[in-house]
Protein chains: 2
Amino acid sequence: MPATSTNSGTSQKILDVAERLMQVRGYNGFSYADIADALRVTKASLHYHFPSKSDLGRRLMERYTENFAAALTEIDASGADPRQKLERYIALYASVLADNRMCLCGMLAAEYATLPKPIRSEVLRFFDANETWLAQVLEQGRQAKGFRFAGPAVEAARALVAGLEGAMMMSRSYGDADRFDRTGQRLLAELT
Amino acid sequence: MPATSTNSGTSQKILDVAERLMQVRGYNGFSYADIADALRVTKASLHYHFPSKSDLGRRLMERYTENFAAALTEIDASGADPRQKLERYIALYASVLADNRMCLCGMLAAEYATLPKPIRSEVLRFFDANETWLAQVLEQGRQAKGFRFAGPAVEAARALVAGLEGAMMMSRSYGDADRFDRTGQRLLAELT
DNA sequence: GTCTATAGGTGGATAGAC
DNA sequence: GTCTATCCACCTATAGAC
């Protein structure tokens with residue numbers, strides 16, 4: 001663990017702060033100055049670790065997708081049944097919302113037209129990974145006679161992600177996390 | 001129609017351009033300079049009609065909600081049955097998306113944490129109006145035995161709006177309007 | 001109503017000392 | 001790796017002439 005590595009603790013701390021700012025305020029809603037204030041360093045110091053804001057955003061997205069994928073792998077490894085898996089998936093969203101954050105990719109999807117290209121493709125990769133994982137869980141559940149839904153599992157997966165992302169945005173605006181929970185429960189109930 | 005009225009043609013043109021910019025790029029993603037370029041006037045001229053960006057955003061939201069409410073009233077007046085009403089409601093979203101825009105309020109809901117207070121309350125008013133109208137249509141449909149859904153109609157309405165807003169965001173990111181249409185059809189099918 | 005000119009601030013980003 | 005100092009483009013907004 002060389003001290004000069006860009007993956008040092010400082011870079012991670014920068015990413016932590018930037019992640020929160022981006023989930024709460026959006027890519028166009030925060031600046032290097034915000035991060036610098038929070039960490040009590042100068043803006044120039046941040047540019048050493050992440051030369052441009054575009055770099056920072058892309059690296060952030062990569063880490064986010066990685067962490068999310070790891071969480072999904074852990075759910076798979078837990079031996080839960082499809083219904084429990086979905087419950088835990090929805091709980092992931094709820095935990096983000098509890099911190100007054102949006103899903104990073106939901107936020108960036110809204111700002112999509114203004115994003116640097118490298119960030120855009122990372123956003124789509126995140127959604128793709130979610131759909132793939134969800135479609136698999138849904139198909140398992142359907143074959144085990146636990147879930148009932150029409151059409152290809154991937155279509156049901158897309159509707160589910162859309163519902164969760166939308167519910168998240170609206171619940172946060174109302175400052176009422178309960179809204180999200182009720183919609184999440186409803187989406188789950190519709191599958192059974 | 002006094003020529004000095006702030007409701008003159010110029011103000012409307014400014015709102016038209018600003019509306020598109022805000023739906024495509026978000027409140028934090030456009031500036032007075034963008035509007036000035038599009039209309040070939042100076043920024044100072046814009047400030048005459050809308051003193052601050054906050055004013056502009058609020059007035060924009062008010063007009064948007066008004067227009068949307070008028071569209072819903074027109075649907076009501078058409079004598080369509082509940083299912084047709086919902087189809088037309090979903091078609092409203094689709095027409096916005098076809099222009100590569102987000103729902104203005106979906107966009108602002110994502111940026112909510114950074115919005116001036118007067119704009120925030122307008123966003124919630126928009127969602128409230130949608131929920132109220134939808135809940136009424138859903139309840140009509142349920143009593144006519146055309147729709148089947150569990151729980152209070154307003155909860156089903158919220159899930160519907162969330163699904164449509166989320167689908168809109170994701171479809172636009174993928175540049176694939178068809179995604180939205182399929183999710184819209186699915187949401188409708190789940191009610192019957 | 002629209003213009004020129006400008007104020008006062010913040011944005012992302014770089015050079016070079018330490 | 002972090003700092004000071006600085007650049008320049010852009011931001012919202014205003015004053016005052018026409």
Side-chain angles (χ1 to χ4, degrees), chain A residues 1-22 24-61 107-108 111 113-120, chain B residues 1-19 21-22 24-61 108 111 113-120:
Chain A
M1 46 182 180
T4 54
S5 164
T6 310
N7 276 341
S8 70
T10 305
S11 287
Q12 293 302 315
K13 275 179 207 157
I14 294 169
L15 286 178
D16 289 342
V17 172
E19 184 175 87
R20 166 154 247 282
L21 283 166
M22 223 154 136
V24 173
R25 305 179 55 89
Y27 184 78
N28 296 319
F30 82 99
S31 73
Y32 271 44
D34 295 323
I35 308 172
D37 287 349
L39 292 179
R40 316 254 244 144
V41 294
T42 59
K43 290 189 292 171
S45 196
L46 303 177
H47 279 286
Y48 168 81
H49 295 277
F50 302 96
S52 75
K53 193 179 179 183
S54 168
D55 285 328
L56 173 61
R58 182 178 45 77
R59 301 262 301 274
L60 202 43
M61 268 304 311
M107 181 65 87
L108 295 182
E111 295 180 295
T114 69
L115 296 181
K117 290 239 167 69
I119 301 186
R120 289 190 191 181
Chain B
M1 46 182 178
T4 52
S5 163
T6 310
N7 276 340
S8 71
T10 305
S11 286
Q12 292 304 313
K13 277 178 205 158
I14 294 169
L15 287 178
D16 289 342
V17 171
E19 184 175 87
L21 283 166
M22 222 154 132
V24 173
R25 305 179 53 89
Y27 185 79
N28 295 321
F30 82 100
S31 73
Y32 270 44
D34 295 323
I35 307 173
D37 287 348
L39 292 178
R40 316 256 243 142
V41 294
T42 60
K43 291 184 287 172
S45 197
L46 303 177
H47 280 285
Y48 168 81
H49 296 277
F50 303 95
S52 74
K53 192 179 179 183
S54 170
D55 286 327
L56 175 60
R58 182 180 45 77
R59 301 263 301 274
L60 202 43
M61 268 304 311
L108 295 182
E111 295 180 295
T114 69
L115 296 181
K117 288 239 166 68
I119 302 186
R120 288 190 192 181

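So you know, we letter chains A, B, ... as the sequences are listed, proteins then strands, and number each from 1.
The main-chain N or O of A:Ala113 is found under 3.5 Å from a side-chain atom of A:Arg120 such that the two form a donor-acceptor pair. Under the 3.5 Å distance criterion, the side-chain polar atoms of B:Asp34 are matched with a main-chain donor or acceptor of B:Ser31. A donor-acceptor contact shorter than 3.5 Å is absent between the side chain of B:Tyr32 and the backbone of B:Ala44.
In this structure, of C:dG1, D:dT2, C:dA13, it is C:dG1 that holds the atom nearest to the side chain of B:His49. Counting only heavy atoms from C-beta on, A:His47 has its side chain closest to C:dG12 among C:dA5, C:dG12, D:dC3. In this structure, of C:dA13, D:dA13, D:dT4, it is D:dT4 that holds the atom nearest to the side chain of A:Ala44.
In this structure, the separation between CG on A:Leu60 and CD1 on A:Ile14 is 11.5 Å, given to the nearest 0.5 Å. Note that NZ of B:Lys13 and CG of B:Leu15 are 12.5 Å apart. Values are rounded to the nearest 0.5 Å.
Straight-line distance from the NZ atom of B:Lys43 to the C1' atom of C:dT2: 15 Å, rounded to whole Å. Atom CZ of B:Phe50 is separated from atom P of C:dT2 by 12 Å (rounded to the nearest Å). Residue B:Leu46 contributes atom CG, which lies 14 Å from atom P of D:dT14 at whole-angstrom precision. Rounded to whole angstrom, the span from the OH atom of A:Tyr48 across to the P atom of C:dG16 amounts to 18 Å.
OP1 and OP2 of C:dG1 both lie 4.0 Å or more from every side-chain N or O belonging to B:Ser45. OP1 or OP2 of D:dT2 lies within a sub-4.0 Å distance of a side-chain N or O belonging to A:Thr10.
Annotation: side chain of B:Leu56 is in contact with side chain of B:Ile35 (closest heavy-atom distance under 4.5 Å).
Remark: B:Phe30, B:Ser31, B:Tyr32, B:Ala33 in residues 27-39 of chain B come within less than 4.0 Å of DNA chain D through at least one heavy atom.
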